[in-house]
Amino acid sequence: MKIWISDTQASSHRLVRLNCEEHSDYAYLGDLDEGELKNFFLELQPDMDVDKNIRLIQYYGYLHLFIIHKK
């Protein structure tokens, strides 16, 4: 699955936007298979529900993740 990414970081959170269509303000992440996508999600947040998020991006073609930095 070809994925483009927009990654915005702040001191309290991180907003990661993934899209399966090219956008001018997104960077190309790569052509990821399901295993690579699982590894990418686990790098973002180890306790993430990976299977649910993979199903969501496959169905909708985009996924927005709001990750709160734990202190």
Side-chain angles (χ1 to χ4, degrees):
M1 170 182 315
K2 292 183 179 181
I3 297 180
W4 285 262
I5 185 171
S6 172
D7 191 355
T8 306
Q9 296 210 30
S11 61
S12 61
H13 66 277
R14 181 177 182 182
L15 180 60
V16 179
R17 296 181 182 118
L18 303 172
N19 204 306
C20 294
E21 295 179 1
E22 185 175 357
H23 285 275
S24 61
D25 57 336
Y26 284 36
Y28 183 64
L29 182 62
D31 191 1
L32 306 179
D33 63 19
E34 193 167 319
E36 292 169 325
L37 196 54
K38 282 184 182 184
N39 290 336
F40 174 74
F41 284 144
L42 291 174
E43 287 175 13
L44 289 176
Q45 185 176 4
D47 61 347
M48 180 182 295
D49 187 350
V50 174
D51 293 326
K52 176 183 126 185
N53 286 318
I54 288 176
R55 285 193 309 269
L56 287 171
I57 195 167
Q58 287 174 339
Y59 183 79
Y60 290 109
Y62 68 91
L63 182 66
H64 295 178
L65 301 169
F66 184 78
I67 302 167
I68 298 174
H69 295 302
K70 297 177 183 174
K71 295 181 181 181

[X] side, atom [atom1]; [Y] side, atom [atom2] - distance, nearest 0.5 Å:
X: W4; Y: L29; atom1: CH2; atom2: CG; value: 10.0 Å
X: N53; Y: Q58; atom1: CG; atom2: CD; value: 11.0 Å
X: I57; Y: Y62; atom1: CD1; atom2: OH; value: 11.0 Å

Closest heavy-atom pair, H69 versus S11, reported as atoms and distance to 0.1 Å, is CD2-O, 3.5 Å
Contacts of type side chain to side chain contact (heavy atoms under 4.5 Å, CB included), residue [X], not counting sequence neighbours:
X: R55; answer: D51, K52
X: D31; answer: K2, Y28
X: D47; answer: Q45, K70
X: F66; answer: H13, L15, I68

Donor-acceptor contacts under 3.5 Å from residues 33-44 side chains, at least two apart:
unit_1, atom_1, unit_2, atom_2, d
D33, OD1, G35, N, 3.2
D33, OD1, E36, N, 2.8
E36, OE1, D33, N, 3.0
N39, ND2, G35, O, 3.4

message = I'd like to know if Y26 and I5 are part of one continuous hydrophobic network [Ile/Leu/Val/Met/Phe/Trp/Tyr, side-chain heavy atoms within less than 4.5 Å].
response = no
Applied to residues 13-22, the salt bridge (charged side-chain N to carboxylate O under 4.0 Å, His left out) test, sequence neighbours excluded, yields D7-R14
